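First the proteins, then the strands, lettered A, B, ... as listed; each starts at 1. Since the structure is predicted, the reported quantities are computational estimates derived from the model, not experimental observations.
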Amino acid sequence: MIAGLALAATGVAILVAGPRLANAAWTTQAPRLGILAWQALTFTAVAAFVLAGVTQLIPITTLADGLGAVFHACAASIASAYGSAEFLPGALMGTVLAGILPLWVLSCVARELVSGWRRRRELHRSIDLVAEPDHQLGVLVVDVAAPAAFCVPGRTSRIVVTTGTLTALADDELQGVLAHEAAHLRARHNLAVALSQALVRAFPRLRLFRTASAQTRQLIELLADDAAAEHVDRVSVASAIVSLAEMRAPAAAMAMAQEGAALRVSRLLEPATPMDPWRHRLLAGGLWAVLLTPVLIAGLPTLSAALSDLCNI
Amino acid sequence: MRPFGELEAAIMAELWRRGEPATVRDVLGALNSSRDLAYTTVMTVMDNLHKKDQVTREMVGRAWLYRPVRSRAEHAAALLQNVLAESGDQQEVLMHFVAELQPDAVAQLREAVEAARKGARPAGGGSA
């Protein structure tokens, strides 16, 4: 009971305080760690509530007696629970949290992956119809004056550029763009986005998941920029961003995208000093702490029961 | 703009490749060099393309002659416009190099880039 409440409190705390990670400056300094941090927060928030449900269902103090005894204790407690009225809401809550919540999240992940896969397949077909491969660059070229460069991930992933892009960009800028897109494809950044987006689909009203998704989108761009900056110099990558933005007709631009591109450019022009290795280790340790907290809380009664059983023997 | 189905795409590609109006039999002959399709299958799909206003047709002799409404280049432009209009929400499907920016923001960023270029060169050739 106490464990269940503590787990629910942990979940609520992450839901409330988690979005503040968006204000942390270190995520742009170490984008990969930043993405992992958002994944840890969102995963733990869900896991805490699921485990809270589990502790409601299983009389966990008897775990020490071995698995057979658990089932026995379970059956006994279920039998006795039907007699007592106060246990019923708890069991109902436990079933919802431990059973329905994970199923709901998994179904949202599955739907997200399937709809993305379907849309990508359509896009591949549409693009193949109008694009010519450029074997030297290893990209598909669409003969359109409007500048655009993008990649479509998937098993048969593609990088697509328009002839407008090829004529407008200097050689080192183009190499930067291609390296950026290749980094997206190589590291399968779309999966990180799909996972974060699936959680938004599952809990559209919770700010933590919306923030996590927006931040993940932003951070994968920074990661890809860093990868591109290993091929060509950082200024060329920044210049390519600005060059392509200059040629776009300004339509209803999203504020997020505005800040995003500006952040990318300033980050490329004034690279931050690499993160202190100890700070990195500390933050990584913090991630593990976040991930393990619900497991520890859920396991604590088992541990104490095991200890007390030992004392009794 | 709805994307073409697989057979629709193959038929449009063939019509564009020919560059002149074609009958169902013409298209069938070209497609069947690589696969085995029934005449009625191709006819149905081309009829659908006509209903979707992707092709026009006129009766010449005893057969319909089909012609794409839009050229391949026009179709490419429309497709690209569609792709570009898709917001960041599609990022798991497609990742743009850069999103749209307001002109004044772009001008500021351009200045910063040029300043960095100038700053980097005289500093002794080392890249920033």
Non-hydrogen atoms of chain B under 4.5 Å away: do they reach the side chain of [X], the backbone, both or neither?
X	answer
A/A229	neither
A/T162	side chain
A/V142	side chain

Self-check item: Test item: B/Y66 and B/L49 side chains (from C-beta on) under 4.5 Å apart, heavy atoms
Solution: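 A side-chain contact is absent here, since even the closest heavy-atom pair is not under 4.5 Å.
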Quiz prompt | A/R217 and A/S213, any side-chain heavy atoms less than 4.5 Å apart | solution =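 Yes, side chains in contact.
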Quiz prompt | Ionic contact status for B/R17 with B/E14, cut-off 4.0 Å | solution =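 The answer is yes: the pair qualifies as a salt bridge.
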Quiz prompt | Top of A/I159, A/V144, A/D143, A/V177 for chain B proximity - count of heavy-atom pairs under 4.5 angstrom | solution =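 Max contact count across the listed options: A/V177.
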Practice problem: Just jot down the salt bridge (charged side-chain N to carboxylate O under 4.0 Å, His left out) partners of A/E132, sequence neighbours excluded, or say none. | Solution: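 A/E132 satisfies salt bridge (charged side-chain N to carboxylate O under 4.0 Å, His left out) with B/R72 once adjacent residues are dropped.
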Quiz item: Considering only heavy atoms, which portion of B/E6 lies under 4.5 Å from any heavy atom of chain A: side chain, backbone, both, or neither?
Solution: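 Its backbone and side chain both get close to chain A.
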Self-check item: Whether B/W16 and B/H75 hold their rings parallel, tilted or perpendicular, with breakpoints at 30° and 60°
Solution: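 Answer is tilted, since the angle falls between 30° and 60°.
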